[in-house]
Amino acid sequence: MAGAGISTPSGIPDFRTPGSGLYSNLEQYNIPYPEAIFELAYFFVNPKPFFTLAKELYPGNYRPNYAHYFLRLLHDKGLLLRLYTQNIDGLERVAGIPPDKLVEAHGTFATATCTVCRRKFPGEDFREDVMADKVPQCRVCTGVVKPDIVFFGEELPQRFFLHVTDFPTADLLLVIGTSLEVEPFASLAGAVRSSVPRVLINRDLVGPFAWQQRYNDVAQLGDVVAGVRKVVELLDWNEEMQTLIQNEKEKHPLGDAFLFVAV
Ligand code: OAD
Ligand code: ZN
């Protein structure tokens, strides 16, 4: 289970960290209260703040970091049953984790839906509009087109419910970079069998790690990248990580700067 804390090393602010989190930096988005940015009622009156965020997060601006590549390595080794992420930055896909291994629980910019006629479009169709600070419009009915990001009160994507049965079959749960404050995602941490170790890698104790620890829970507190590095060292996967990251760097020479930040 992953959240915004796996992407802060790539330069994307999280939501709830006081000071740097998006919800402490409302002026930039011109919204009256934090959650307005993901509220339909507000969006229909003023979609601009959401599209300011969309412009920032549209695929292409950021590169995955060490934490994403660790999850990719788990997949390469056949150890990743599923990656449940709350992130809408798409960096798991960019890191090479195949879509069938991913549940993007809070949606994605990869697709978009007309708020009036409900037609679906590829997110790419609206890149130009979003980059030009234009609110994208449906080419059929001229309604506002909203990227398929889950707003408060909206139903989660079908895949969330389809794969929820993974949890009772898992034999290890990693919880990385999330405050576990948003339901129903947060409750999934309780859905693994009680004999299954749960490993938290995060700045602070969150969710059941704070209020209902199990005897076999493990918390690696502090910086996410440092925590993941420690796990990689314990597993003796250092060399494989370096090779993976080196190969990715060669594929994306322009992304070097971000890789160097966090590797
Ligand atoms: P939060 O901002 O609520 O939590 C991020 C967690 O990661 C916090 O516990 C931070 O302390 C921790 N963290 C951040 N950077 C870190 C670092 N470099 N090292 C260690 N820990 C770090 O983000 P989420 O839990 O992902 O909804 O938030 C859940 C949902 O709330 C989001 O998906 C979003 C928002 O409303 C949508 O986007 C629809
Ligand atoms: Zn339409």
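In listed order, ligands and their atoms are each counted from 1.
- Using the six-membered ring where Trp is involved, F38 and F50 have ring planes that are perpendicular, over 60° apart on the 30 and 60° scheme.
- The atoms of ligand 1 that sit less than 4.0 Å from any heavy atom of G3 are 26 (O).
- Applying the 4.0 Å criterion to heavy atoms of D204 picks out, from ligand 1, the atoms 9 (O), 11 (O).
- Surrounding NZ of K77 are more than 12 heavy atoms belonging to other residues, nucleotides or ligands, all under 6.0 Å away.
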(message) ring pair (Phe, Tyr, Trp, His ring centres under 6.0 Å), that's the test. Do Y58 and F126 meet it? Break it down for me.
(response) CA-CA 10 Å; Y58 237 65; F126 305 103; 8.7 Å; no
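- Using 4.0 Å as the threshold, F151 has no heavy atom nearer than that to any atom of ligand 1.
- Note: no N/O pair closer than 3.5 Å links P9 and ligand 1 by distance alone.
- Heavy-atom proximity to Y23, at under 4.0 Å, picks out these atoms of ligand 1: 35 (C), 36 (O).
- The backbone and the side chain of D223 each have at least one atom closer than 4.0 Å to an atom of ligand 1 (non-hydrogen atoms only).
- Note: F185 and Y84 have tilted aromatic rings, judged against thresholds of 30 and 60 degrees for the angle between ring planes.
- Checked by atom type, the side-chain pair T115/K146 shows no donor-acceptor distance below 3.5 Å.
- Close approach of ligand 1 to V150 (heavy-atom distance below 4.0 Å) involves ligand atoms 39 (C).
- The atoms of ligand 1 that sit less than 4.0 Å from any heavy atom of V182 are 29 (C), 30 (C), 31 (O).
- For the pair R198 and F209, the cation-pi criterion (under 6.0 Å, within 45° of the ring axis) is fulfilled.
- Looking only at atom types and distance, the side chain of T142 has no donor-acceptor partner in the side chain of Q137 under 3.5 Å away.
- Residue I149 holds its CD1 atom at 8.0 Å from CG of L57, rounded to the nearest 0.5 Å.
- By the 4.0 Å heavy-atom criterion, A226 is excluded from the residues contacting ligand 1.
- Within the structure, ligand 1 has G177 among the residues with a heavy atom less than 4.0 angstrom away.
- Rounded to 10°, the angle formed at the Zn ion (ligand 2) by C138 SG and C117 SG is 110°.
- Of the heavy atoms in F152, only side-chain atoms (C-beta onward) come closer than 4.0 Å to ligand 1.
- When only interatomic distances are considered, the shortest N/O to N/O separation between V224 and ligand 1 falls below 3.5 Å.
- The parts of F15 lying near ligand 1 are both backbone and side chain, judged by heavy-atom distances below 4.0 Å.
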